[in-house]
2 protein chains.
Amino acid sequence: MTSTPRPTRGSRTRALIVDVAERLFAERGIAAVSNRQIGEAAGQGNNSAVGYHFGTKADLVRAIVRRHTEAMEHRRAELIAELDDSAELRDWVGCLVRPVTDHLASLPAPTWFGRFLAQADAEPTLRQVIIDEVAGTPAMRRVVEGLARLRPHLPEQVRLERGAMARILIVHVTAERESALHDGAATPRATWDDTARGLTAAICGIWQVPADAADTTDADADDAPDADAPRTAPTRREGA
Amino acid sequence: MTSTPRPTRGSRTRALIVDVAERLFAERGIAAVSNRQIGEAAGQGNNSAVGYHFGTKADLVRAIVRRHTEAMEHRRAELIAELDDSAELRDWVGCLVRPVTDHLASLPAPTWFGRFLAQADAEPTLRQVIIDEVAGTPAMRRVVEGLARLRPHLPEQVRLERGAMARILIVHVTAERESALHDGAATPRATWDDTARGLTAAICGIWQVPADAADTTDADADDAPDADAPRTAPTRREGA
DNA sequence: GTCCATCTAAAGCACTCGACTTAGTGAAGT
DNA sequence: ACTTCACTAAGTCGAGTGCTTTAGATGGAC
């Protein structure tokens, strides 16, 4: 437990900035929010408070993620510990899904972390930051191994593909639900718990597909067989 | 066929702007690219060429999408026409997946449309534009009806949820593959055709999950049972 | 109680932004 | 040949940006 030694003035400001930045990033997108706006929204008269406490914007993003990873990693380790030898696919997939949904449910409403993750996923460089921070943890590696052990006959490529699909689904389904919650719009699921059930079921469905049904032809062929097809649709005038 | 009547000077410029904008949006994100940058990259000395030809940025996004929708819609109608009464789940799901992957395969490499779609998906307002343009077409509605007919026992909520999951997977899996292609990185699939196979198999897996396995408890309960849990992780200093 | 590193406030700088104005170009229509 | 009008070039404007500097405030260590 890295217990906070003493909440100095600076650490409180940093926490405030992280809070505000997470919200603004989730709402407007990461690239669209300036450090100035974050500083102002955090009540910092200072122009460059963000630049002072965090170096680059990527560092700020990392700080935002880190505030959440510990709780999720802890929950993931818990779920893994509950598994016994009879653990089946559903249980292991739950170790992917539940840490996220449970964490979102545990945060004070309204939450922003779901949409923030989706936004960070849009920027390729930041996506790597997220993957490193969230998916590179020890518990996460154990889950990946567990899934591989349950599906030993799947080619490595297919396992990677399905892992990526699971990640995409978890990130964007939770983000869309969080967004709908915030807008007061209809959601397919009533609670985060139900959302976890739906996500787990879907990801199980993906992993249950037999290998040959999704088999690659393993062709060395490169892409784009007819690469010079003209772009037919005429560009219509749009403006006033 | 809306045959181009005469490629005037303006229409050529517009097409060029649309080209350049699609690329820049895909690379850097939509909010991060200014109209100025697009105009300059398109060789327009004019500051506000983009503003002149297209009104707002949303209009430009719509124009970019429209250049692709016709081909995809046509392909989707083709695929539907090939279906007979014996059509099963895999065939209908193919009508979701193939129009996108086939279209990407038909474009001259490198393509940008996949990443562009993913970027547009990040901005909530633009996502609605995309959904309206791509998912609101006649052929698309027929596919949704076809899927519903094959899974009549699924609650409407679950059908909506799985439709959203299919959309998310198609958009982001193709975007990540396109991105990897562009970076020369490894891809789980060798060709767009293989990608379509993998996507179709996964989405079929999702739709094959029985309803009760993903059933909602249908609770009226609102969210966040313990909404005031503290955010435990201490914010560590990041900067230099 | 004093000291001093840490943190915040405030202002300046060169730059880019969208929106707008004005002038100029060139091809189609007559 | 001339007019017309859609289009392009070029520049201006205030607002906003990241980055840097300087001065002042805060609060824990001694």
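Residue numbering restarts at 1 for every chain, and letters A, B, ... go by the order of the sequence lines.
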Q. Among all residues two or more places apart in sequence or in another chain, which pass the side chain to side chain donor-acceptor pair (under 3.5 Å) test with Glu27(A)?
A. none
Q | Under the side chain to side chain donor-acceptor pair (under 3.5 Å) test, residues paired with Gln128(A) that sit two or more places apart | A | Asp132(A)
Q) So, is His53(B) close to the dT8(D) phosphate, meaning a side-chain N or O under 4.0 Å from OP1 or OP2? A) yes
Q.
I need the CG-P distance between Leu16(B) and dC7(D), as an integer number of Å.
A. 15 Å
Q) With sequence neighbours left out, what residues match Glu178(A) under side chain to side chain contact (heavy atoms under 4.5 Å, CB included)? A) Leu104(A), Thr111(A), Arg115(A), Trp192(A)
Q. What pairs with Ser179(A) under side chain to side chain donor-acceptor pair (under 3.5 Å), at least two apart in sequence or on another chain?
A. none
Q) Who passes side chain to side chain contact (heavy atoms under 4.5 Å, CB included) against Ala58(A), sequence neighbours left out? A) Thr56(A), Leu126(A)
Q: Give me the residues of residues 33-45 of chain A where at least one heavy atom lies under 4.0 Å from an atom of DNA chain C, by number, or none.
A: Arg36(A), Gln44(A), Gly45(A)
**Q.** Qualifying salt bridge (charged side-chain N to carboxylate O under 4.0 Å, His left out) pairs with a residue from residues 28-49 of chain B, counting only residues at least two apart or across chains
**A.** none
Q. Between Arg75(B) and Glu78(B), is there a salt bridge with N-O shorter than 4.0 Å?
A. yes
Below 3.5 Å between N/O atoms, which protein atoms pair up with nucleotides 20-23 of chain C? Just atom names and distances, please.
unit_1	atom_1	unit_2	atom_2	d
dC20(C)	N4	Ser48(B)	OG	3.1

Q | Whole angstrom value for the distance that separates C1' of dA19(C) from CZ of Phe54(B) | A | 18 Å
**Q.** Counterpart residues, side chain to side chain donor-acceptor pair (under 3.5 Å), relative to Glu133(B) (two or more places apart)
**A.** Arg66(B)
